[in-house]
Amino acid sequence: MSEDDFLYVDCDKHGRGIAAIVCRHQCNEKEAPIGFIENCTEPGDKQAWCHKCEEYFIEQGDMTDAFKEFNDMAIVCEACYDIIKSKHDRTN
Ligand SMILES: [Zn+2]
Ligand SMILES: [Zn+2]
């Protein structure tokens with residue numbers, strides 16, 4: 001995988017970085033820790049969502065339209081992803 005294969009994003013806080021995906025719930029800075037379940041299939045492909053999304057995904061059994069609407073994924077930079085991870089990642 002060459003660098004050209006990565007998707008880049010221009011972040012307000014961190015400048016240009018590799019894009020990562022989180023759910024809209026995790027983007028709410030006022031939200032208390034809500035979990036951080038990673039769904040990365042390969043390096044450079046960072047994706048995660050919260051516990052609520054995980055439960056809903058299991059209930060739906062697939063990437064349904066209803067799930068996509070609930071999840072409402074947001075693209076952030078890798079640095080933001082790590083910040084969100086440290087905020088919401090709680091091992092039970
Ligand atoms: Zn969520
Ligand atoms: Zn950022």
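Ligands are counted one by one from 1 in listed order, and the atoms in each one are counted from 1 as well.
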Cys50 SG and Cys23 SG subtending at the Zn ion (ligand 1) (10° steps): 110°

Establish whether Ile21 and Val9 are linked, either directly or via other cluster members, by ILVMFWY side-chain heavy-atom contacts under 4.5 Å. yes

Which of Phe67, Tyr56, Phe36 passes ring pair (Phe, Tyr, Trp, His ring centres under 6.0 Å) with Trp49? It is Phe67

Which angle, to 10 degrees, forms at the Zn ion (ligand 2) with SG of Cys77 on one side and SG of Cys11 on the other? 120°

In His25, the N, O or S atom nearest to the Zn ion (ligand 1) is which? ND1

Closest His14 atom to the Zn ion (ligand 2) [N, O or S only]: ND1

With no hydrogens and no angle check, just 3.5 Å: does a side-chain donor-acceptor pair link Tyr81 and Glu38? yes

Scan His14, Glu78, His88, Lys13 and name whichever one has a side-chain contact (heavy atoms from CB on, under 4.5 Å) with Ile83. His14

